[in-house]
There are 2 protein chains.
Amino acid sequence: MVSAPLSAPEISKDGKERLRLWIRLLRASRTIEAELRERLKRDFDTTLPRFDVMAALYRAPEGMLMSDLSRFLLVSNGNITGIVDRLVSDGLVTRSRRNGDRRTSMVRLTEEGIALFRRMAAAHEAWIGELLGGVSEEETRRLANMLKSFRSNWEGKE
Amino acid sequence: MVSAPLSAPEISKDGKERLRLWIRLLRASRTIEAELRERLKRDFDTTLPRFDVMAALYRAPEGMLMSDLSRFLLVSNGNITGIVDRLVSDGLVTRSRRNGDRRTSMVRLTEEGIALFRRMAAAHEAWIGELLGGVSEEETRRLANMLKSFRSNWEGKE
DNA sequence: GATGATTATTTCAAGCTTGAAATTTCAGGA
DNA sequence: TCCTGAAATTTCAAGCTTGAAATAATCATC
């Protein structure tokens, strides 16, 4: 890690503080994500995006549309297509075209998908407990509350 | 019901709370990242990884090794190779092999790269100020401190 | 100086990601 | 019915990402 000379023009101290917050936020989530990715690969031979899709579907036993998935997971439509394709070809997920609207397809976990996800979710929760173990319960609640409010502050403004 | 299990439910509740924190952390950083990506593309026709590499190099006028870059940015070696390749072919960055150790190459911003980065950095800082605008200065400091400590708690333990 | 281990980097396949264009289907009006 | 526009999804090119294997150079030890 390199220390910064960077005698930049005097910008607001506020801005610098927010920048620092953003960088820490990003580094924290990247570090945790990397660790989760590695463990998912090691223990379940799968990826984080696949886990995310399965987690979303597990919460919706009645199924989700492709567009529901992409909105919920904050990724593009085309992205979801590829991930679901691979999950389908592994027998973990089904696409069923509906009679009502033939443009849409309902995506659901298969029995095998449900069983696998339950195992992964248990491991995942334990990992998070371990990785965030240094954060006290009190701090956890406070952090979670701050993050909740700060997201809603600007989202969807444009 | 004479003796209810005390520890198990408590641990599980803790875990749930940490899981919630992780999900919020992830959603916050993904949402901001998506917004930054879009604006970098729109205003500078570039990408977030390219911006990240240039930011790292800007802080190190003497240059950085490829391995320094990948360590600092928390990404793989092979990844950096591709991004630097494209920056070089755009004239924003140079690779110079050193006399001392011919395995390594020093990566530096060109004059053009420095000028471009300055413009991008100003816009970037303003964007962060806007996107995190809802967080008070007091909260910003507290959040940043929590994130700092929580990261160091488990990192590099294995 | 030869040899084997180590280090820095590149290459590669597979998968992820976006944004834009194309496709298919639906809905509403002339 | 036939249009036209909107909506859901897929396709595609370009770039990002990892992890593993390959290359090349250096280092340590004899």
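A note on names: the letters A, B, ... follow the listed sequences, proteins ahead of strands, and every chain is numbered from 1. Keep in mind the model is a prediction, meaning the values are calculated, not measured.
- Applying the 4.0 Å criterion to OP1 and OP2 of C:dC16, one finds that A:Asn79 has every side-chain N and O outside that range.
- Between B:Asp101 and A:Arg37, the residue anchored nearer the 5' end of DNA chain D, judged by the nucleotide with its closest heavy atom, is A:Arg37.
- Nucleotide C:dT18 holds its C1' atom 14 Å from the CZ atom of B:Arg30, rounded to whole Å.
- Between the CZ atom of A:Phe44 and the P atom of C:dG15 there is a distance of 20 Å, given to the nearest Å.
- Atom P of nucleotide C:dT7 and atom CG of B:Leu69 are separated by 20 Å, given to the nearest angstrom.
- Nearest nucleotide to the B:Ser76 side chain, out of D:dG19, D:dT9, D:dC16: D:dG19.
- Within 4.0 Å of A:Arg95, counting heavy atoms only, lie sugar-phosphate atoms of the nucleic acid but no base atom.
- Among the nucleotides C:dC16, D:dA8, C:dT9, the one closest to any side-chain atom of B:Leu65 is C:dT9.
- Between A:Phe51 and A:Phe117, the ring center distance clears the sub-6.0 Å criterion.
- Atom CD of A:Glu38 is separated from atom P of C:dG15 by 19 Å (rounded to the nearest Å).
- Atom CZ of B:Arg102 and atom P of C:dT6 are 22 Å apart (whole Å).
- Taking a cutoff of 4.0 Å between a charged side-chain nitrogen and a carboxylate oxygen, B:Arg18 and A:Glu139 do not qualify as a salt bridge.
- For the atom pair B:Leu57 CG and B:Leu109 CG, the distance stands at 5.0 Å (nearest 0.5 Å).
- A:Glu137 has no carboxylate O lying under 4.0 Å from a charged side-chain N of A:Arg142, or vice versa, which leaves the two without a salt bridge.
- Of all nucleotides listed (C:dG19, C:dG15, C:dT10), C:dT10 comes nearest to the side chain of B:Asn77.
- Distance B:Asp45 CG to D:dA14 C1': 12 Å, rounded to the nearest Å.
- When the P atom of C:dT17 is taken as reference, atom CG of A:Asp52 falls 8 Å away, rounded to whole Å.
- Residue-level contact check: A:Arg71 touches neither bases nor backbone, having no heavy atom under 4.0 Å from any strand.
- Nearest nucleotide to the B:Ile83 side chain, out of D:dA8, D:dC16, D:dA25: D:dC16.
- Residues A:Gly100 and A:Pro49 each lie close to DNA chain C; by heavy-atom proximity, the contact nearer the 5' end of the strand is made by A:Pro49.
- For A:Arg86, taking side-chain heavy atoms from C-beta onward, the closest of the listed nucleotides C:dC26, C:dC16, D:dG19 is C:dC16.
- Taking side-chain N and O atoms only, B:Thr81 has a distance below 4.0 Å to OP1 or OP2 of C:dT10.
- Distances from the side chain of B:Thr47 to the nucleotides D:dG15, D:dT9, C:dA8 place D:dG15 closest.
- Remark: B:Arg30 fails to qualify as a cation-pi partner of A:Phe72 under the 6.0 Å distance and 45° angle criteria applied to the six-membered ring.
- Residue B:Arg103 places no side-chain atom within donor-acceptor reach of the base of D:dA24, judged by atom type and a 3.5 Å distance cut-off alone.
- Whole-Å rounding puts the A:Leu87 CG to C:dC16 C1' distance at 13 Å.
- A:Arg50 comes within 4.0 angstrom of sugar-phosphate atoms only, judged by non-hydrogen atoms across all strands, and of no base.
- Distances shown here put a side-chain N or O of A:Ser67 below 4.0 Å from the OP1 or OP2 atom of D:dT9.
- Using a 4.0 Å cut-off between a side-chain N of Lys or Arg and a carboxylate O of Asp or Glu, A:Lys41 and A:Glu38 do not qualify as a salt bridge.
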